[in-house]
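Note that this is a predicted model, so its numbers are computed, not measured. Naming convention: chains lettered A, B, ... in sequence-line order (proteins, then strands); numbering from 1 in each chain.
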Number of protein chains: 2
Amino acid sequence: MDGLEPALPGPAARAAYLYHVSELSQAEVAARLGVSRATVHNLLREARETGLVRVSFDPHLLGRADQARDLATAYGLEQAVVLPSDDPEAALRAAAGMVPELVPQGATLGVAWGETVYRLAQRLPQMRRPDLTIVQMVGSMASPYGFNAEDCSTLIAARLGAACVNLHAPAVLSDPSLVARLAREPIIARQLDTLARCDAALFAVGLASRESHIVQSGVADLDTLADYHGRGAAGVVAGRFIDGEGRPMSGSLDGRLIGIPPEGLLRIPRRIVVTFGAARADALAAALRGGFATHLVTDAAAAEAMAPRLPVSPRDAGP
Amino acid sequence: MDGLEPALPGPAARAAYLYHVSELSQAEVAARLGVSRATVHNLLREARETGLVRVSFDPHLLGRADQARDLATAYGLEQAVVLPSDDPEAALRAAAGMVPELVPQGATLGVAWGETVYRLAQRLPQMRRPDLTIVQMVGSMASPYGFNAEDCSTLIAARLGAACVNLHAPAVLSDPSLVARLAREPIIARQLDTLARCDAALFAVGLASRESHIVQSGVADLDTLADYHGRGAAGVVAGRFIDGEGRPMSGSLDGRLIGIPPEGLLRIPRRIVVTFGAARADALAAALRGGFATHLVTDAAAAEAMAPRLPVSPRDAGP
DNA sequence: ATTCGGGTTTGACAGATGTCAAGCAGGGAT
DNA sequence: ATCCCTGCTTGACATCTGTCAAACCCGAAT
């Protein structure tokens, strides 16, 4: 795990150093390296893509600092970041850029899966953090989106240069007794045990609607959805329905899911939630009320749509 | 300490977001912001200078990885980085870029002073790390270089956005008994106490020659220097002469210096040494032999000049 | 020996960026 | 009211950068 060095990209590193640190122009770098300018350009692109050089962005000074503070105080978050909504793609990239900074040194990071998490994962910067371990928090399902459950954790681990522990089990079974037996299997038990020891978790809040990945991927069928929805389901967190107050709901899925249980999730000390869009504002607000997040990354649209629902005095700041 | 927000540079942040994250061209950003392209360019410069956006550089993949590994194993360092020597200015910038990453979260960082540390400090990226506390490890002296002792710690703290504790005492006094009395003064005692609790230290290795800042600033006069030098002084660490094996030397300065003592320095768990140039190779090697560093940033010139002096088998790596 | 195919490098162009002197706005002094 | 000074903004130019099709290289297959 330490022996296989990832084949250092010598010329790219040299070019990147001369360009970014020595502040030579691409033409000057080309002259020193004895190649063409175009090649230098390609080397620099490579250096960026492999994470050798990185442009990072301080999210705190993004203008929406006031909204972020309001959210953080209202829901007792350690930290909240509100990104501009005008360009969803950019917001996702910005979120991807800051998530790694929210994961502490040496942490074991549990990740859920879903469209948001997957799209975030795709945009994570390439890093080298062998100190991290990524573990899949929710069992797998074949997914209609072109990604499947394992891909989320695997991709995140690959991007972050971290180790990866996948949960080799389906997300849902038809019979609680089978779940119980499976959970006693040593391989699965060990993985569930790792989950209980996570230092951090990364997940999104899903919708309790037929567009939700939990429905699309078949974890819940339409009847199940209708049942939970009829009883007030406000959203989905790590594969579990929650009500408007963020309480995990019981129902026909009880005992049939393989993955971290809500109380286990809540025991993880750092819980990073990434969720965008006004459409998800209600679900997000419910999850926050349930205390699922300690760190939140969202966008202005969601933040504004949540504002009327702030639990207490939204702003008591001075003039 | 938390109330005075540092006046968020709204337009700069907005421009930086649109440019770096949304990946618009400067012209497009200008159109959206209703200003000229040149202004956008200025805003982007400002964003870079204030640390809002930052280009960071992975130092591990810099090509000299083999030399770095040799040094690390030879001297039992946790981490060593060897930068190219062809452009000293660039090496200093690169070092400045990586030093903040070597300082752990929430640490109290002791800093020595001298030309290297000061020049490094000037090139540190602008950050916001209120979790850090910078403390001056060595007493002050009027300095002939245009910087004085306090400037090092103050500048480092300012750059890093950290708190700062300065040592309000001279580096050297004529009489040990006066030092002892001064050290019992509550104000000084408290500061020395903070020093004993540092989580990390940053310093350079100085030369035991008349060019050394320790001589130039008057901590040691020429006679003192001649004495220590005659008895085999190989370098200076945090204001104290060390011999070729890195042992602190006794002499006429005994008991007359105010600042962290060598054994106190060695008790700090993370000791970051930054020293460049073949001329300092001997001094650096001595300091490393004395175990003063856990983390080293140096250049190829110094590394090569040190190579013959490696304590044991320099390279036993494969083909 | 020759051909083929993949990947890399190059040259040239279109477009983006950095620079700088001139222009402009706002505030303080006369 | 006018002037001047300072600091920000602008337009225009010179340079630098990104792109892409054509050229090239090299190993594998015929």
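- The separation between A/Tyr19 atom OH and D/dG18 atom C1' is 11 Å, rounded to whole Å.
- The shortest distance between the side-chain N/O atoms of B/Ser36 and the OP1/OP2 oxygens of D/dG11 is not below 4.0 Å.
- Taken residue by residue, residues 20-28 of chain B places heavy atoms nearer than 4.0 Å to DNA chain C at B/Ser25, B/Gln26.
- Distance A/Leu18 CG to D/dT17 P: 13 Å, rounded to the nearest Å.
- Within 4.0 Å (heavy atoms only), A/Arg37 reaches at least one base atom of the nucleic acid.
- Not a single salt bridge (Lys or Arg N to Asp or Glu O under 4.0 Å) links B/Glu78 to another residue, sequence neighbours left out.
- For the pair A/His41 NE2 and D/dC20 C1', the computed distance is 12 Å after rounding to whole Å.
- Taken from OH in A/Tyr19 to CG in A/Leu33, the straight-line distance is 14.0 Å, to the nearest 0.5 Å.
- With hydrogens and angles ignored, the 3.5 Å screen pairs a side-chain donor or acceptor of A/Arg123 with a backbone N or O of A/Arg119.
- A straight line from CD of A/Glu49 to P of D/dG18 spans 12 Å, rounded to a whole angstrom.
- Contact check on B/Arg280 versus B/Asp299 returns no salt bridge, with no Lys/Arg side-chain nitrogen under 4.0 Å from an Asp/Glu carboxylate oxygen.
- Considering only heavy atoms from C-beta on, B/Thr275 stays 4.5 Å or farther from B/Thr116 through its side chain.
- Of the inter-residue distances, the one linking A/Leu155 atom CG with A/Ile134 atom CD1 reads 10.5 Å to the nearest 0.5 angstrom.
- The footprint of chain B on DNA chain C, defined by a heavy-atom cutoff below 4.0 Å, extends from C/dT17 to C/dT19.
- The nearest pair of heavy atoms linking B/Met127 to B/Pro100 is SD-CB, 3.5 Å.
- Side-chain contact check for A/Leu44 versus A/Val53: every heavy-atom pair is 4.5 Å or farther apart.
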